[in-house]
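When reading the values below, keep in mind they use all heavy atoms of this one structure, side chains included, and skip hydrogens, waters and symmetry mates. Ligands are counted one by one from 1 in listed order, and the atoms in each one are counted from 1 as well.
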Amino acid sequence: MAREFSTVGVVGLGTMGAGIVEVFARNGIDVVAVEISEPALERGRVTLTGSTDRAVAKGKLAAADRDALHERVHFAVGLDALHSVDLVIEAVPEHLDLKQRIFAELDRVCRPETILATNTSSLSVTEISVATTRPNQVIGIHFFNPAPVMKLVEVVRTVVTSPEVVADVEALCARLGKVDVTINDRAGFIANALLFGYLNHAVAMFESHYATREDIDAAMKLGCGLPMGPLALMDLIGLDTAYEILDTMYRRGGRDRRHAPVPLLKQMVTAGLLGRKSGRGFYTYERPGSPVVVPDELTPPATDAALADGARAITKVGIVGSGTMATGIIEVFAKAGYEVVSVTRGAEKSAMVCEAVKTSLNKGVVRGKLAEADRDAALGRISWSATLDHLADVDLVVEAVVEELSVKKALFASLDEICKPGVVLATTTSSLPVIDVAMATQRPADVVGLHFFNPAPVMPLVEVVRTIRTSPETTATARAVCAALGKTGVVCGDRSGFIVNALLFPYLNDAVKMLEASYSTADDIDHAMKLGCGYPMGPFELLDVVGLDVSLAIQRELYLELREPGFAPAPLLEHLVTAGYLGRKTRRGFRDHSHR
Ligand SMILES: NC(=O)c1ccc[n+]([C@@H]2O[C@H](COP(=O)([O-])OP(=O)(O)OC[C@H]3O[C@@H](n4cnc5c(N)ncnc54)[C@H](O)[C@@H]3O)[C@@H](O)[C@H]2O)c1
């Protein structure tokens with residue numbers, strides 16, 4: 001028989017604690033909510049009221065249920081109020097000595113059978129537990145932010161946590177409507193161990209002016225379908241909390257430099273820029289605690305202003321190549337009203353590409369997304385050619401041929417001879433340095449990267465890659481073209497992986513290393529990222545879709561360029577590729593897809 005929890009205590013009503021109180025009270029459990037002082041208690045009360053009022057306004061909670069929820073919560077200053085609860089969850093700041101002090105005190109105040117849980121993200125639950133006389137009743141219950149929304153709970157057992165306590169807490173999570181993964185006590189558990197290297201890397205990109213905060217966030221949201229960008233997420237987590245988590249993970253997790261907090265973080269925390277909770281972090285918010293971002297001095301001007309910033313007029317576009325990307329890009333430009341010249345290596349290839357574009361446009365018509373007249377107009381705008389000479393009078397060339405530097409360089413050298421002055425020359429390369437391609441021409445200032453995502457007609461993101469020779473006009477033109485295509489263009493420097501792949505693939509590689517270390521299973525890791533962080537796919541699902549060979553190649557490039565030891569490809573990834581397990585395309589990768 002699982003233990004009944006009728007009253008729980010929550011210590012610390014900050015970002016996490018207030019949300020945890022709401023989770024319990026929503027599920028009919030009485031809560032004693034404890035803070036260190038009256039003002040802090042009041043802040044916690046305001047957070048809870050704000051959150052439940054928003055839920056009522058959104059129609060997700062009935063007003064009567066909200067009132068009943070509030071009646072279940074008893075607020076108090078000091079731990080003494082917790083003398084008769086069945087379970088305590090501690091959610092105070094991420095400092096070991098503070099948590100140990102609180103657990104020693106809880107051990108004295110609470111009944112002997114009370115379970116004591118910590119919501120720590122990165123500290124050792126074991127070290128916290130030994131501050132009590134009942135380490136076998138101490139456990140980690142790691143909720144995700146915002147606690148009322150995110151489905152995942154990581155249940156962390158130490159070597160001394162009793163199996164009954166683990167089972168009781170797992171049953172409780174089910175009662176709360178949460179999905180739990182039960183794991184051992186390791187820095188960052190599953191989700192944060194995979195998340196924080198990525199978040200810190202994004203901060204480093206921002207700090208080094210590699211891209212703007214808006215572009216970094218838009219890239220990850222639109223390129224990977226994440227619910228929010230990394231810098232907005234840092235603001236939600238709280239920069240002080242994020243700093244402590246990174247610092248602890250660095251020290252506990254093998255001194256991986258990727259977890260050494262980026263210096264800017266420390267400066268922001270010292271300056272009181274803590275994120276949403278203080279009203280200012282990477283972004284500025286309407287007021288402390290508000291999720292509403294307001295413009296500040298870093299907010300970029302709208303695209304119209306970029307147009308005024310010297311963008312050239314583009315009406316006729318040449319697209320070179322006959323693969324998946326070229327086909328999609330032809331469709332995108334033709335649909336947006338540009339006159340398109342498609343150049344392939346022969347009439348046969350042109351006919352194939354033409355068929356593929358027609359098929360895709362027809363699908364749009366069948367699905368009711370495109371009028372027949374618009375389909376016909378789009379097709380009417382495309383001319384098909386097998387010679388580059390037809391690109392003499394275009395305003396923009398988009399190259400999407402095979403991913404080989406020698407081929408691309410030869411092509412750009414030809415374009416340089418054929419195209420009129422002032423044309424923008426763009427490459428869609430996803431892994432080669434754009435500057436190498438640019439230097440094959442006499443006009444590197446006019447060369448830029450336009451990294452479309454697959455499938456181009458669907459994916460809303462384009463990375464605009466400027467080299468150290470790209471002119472501001474060329475960049476402005478590329479960005480304006482993206483806007484005219486209905487895409488979001490994000491501008492970044494010419495480094496391996498640009499924004500999206502540089503942030504995404506090390507995380508995928510880390511997931512493989514975690515699996516390889518037998519810390520958790522592929523299913524639990526996928527669950528953790530989907531339910532804890534709102535990712536549309538778990539890392540192993542995504543790796544099987546992208547292809548393990550493609551992923552390994554990208555990871556190798558990143559490792560070779562940045563020489564970051566933490567980027568070294570996971571041996572398991574290499575072995576799977578060697579074995580021919582490349583993912584869905586070979587019906588086997590991390591999972592067996594032969595029956596699907
Ligand atoms: N922020 C996140 O996204 C997130 C997610 C999961 C877990 N966590 C973990 O949750 C814990 C809390 O983090 P947070 O972001 O909510 O921090 P926070 O700074 O927002 O809130 C901490 C609260 O604890 C209170 N407090 C401090 N000392 C206290 C004491 N002695 N007694 C009672 N209350 C006290 C503070 O007044 C404050 O309200 C940390 O261990 C953190 O790692 C955070």
> So is A91 in contact with ligand 1, going by heavy-atom distances below 4.0 Å?
Replying inline: yes
>> Ignoring hydrogens and geometry beyond distance, is a side-chain donor-acceptor pair present between E90 and T118 at under 3.5 Å?
In response: yes
>> Quiz question: by atom type and distance under 3.5 Å, do the side chains of H70 and T52 form a donor-acceptor pair?
In response: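 The criterion, which ignores hydrogens and geometry beyond distance, is satisfied for T52 and H70.
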> Nearest to atom 19 (O) of ligand 1, what protein heavy atom do you find, and at what distance?
Replying inline: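 Nearest protein contact, heavy atoms only, for atom 19 (O) of ligand 1 is K277 NZ, 3.3 Å.
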> What is the closest protein heavy atom to atom 3 (O) of ligand 1, and at what distance does it sit?
Replying inline: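 Answer, as residue, atom name and distance: N145 ND2, 3.0 Å.
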Counting only heavy atoms closer than 4.0 Å, does ligand 1 sit against the backbone of [X], its side chain, both, or neither?
| X | result |
| --- | --- |
| F143 | backbone |
| I102 | side chain |
| I237 | both |

Indicate yes or no: does an N/O atom of [X] lie under 3.5 Å from an N/O atom of ligand 1?
| X | value |
| --- | --- |
| T15 | yes |
| T241 | yes |
| E94 | yes |

> For T270, what residues pass the side-chain hydrogen bond (donor to acceptor under 3.5 Å, both in side chains) criterion, not counting sequence neighbours?
Replying inline: none
> So, does N145 use its side chain to make a donor-acceptor pair with the main chain of L236 at under 3.5 Å?
Replying inline: yes
> Quick check, are the ring centers of Y198 and F505 under 6.0 angstrom apart?
Replying inline: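 No, too far apart.
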> How would you list, by chain and number, every residue that makes a ring pair (Phe, Tyr, Trp, His ring centres under 6.0 Å) with Y285, sequence neighbours excluded?
Replying inline: none
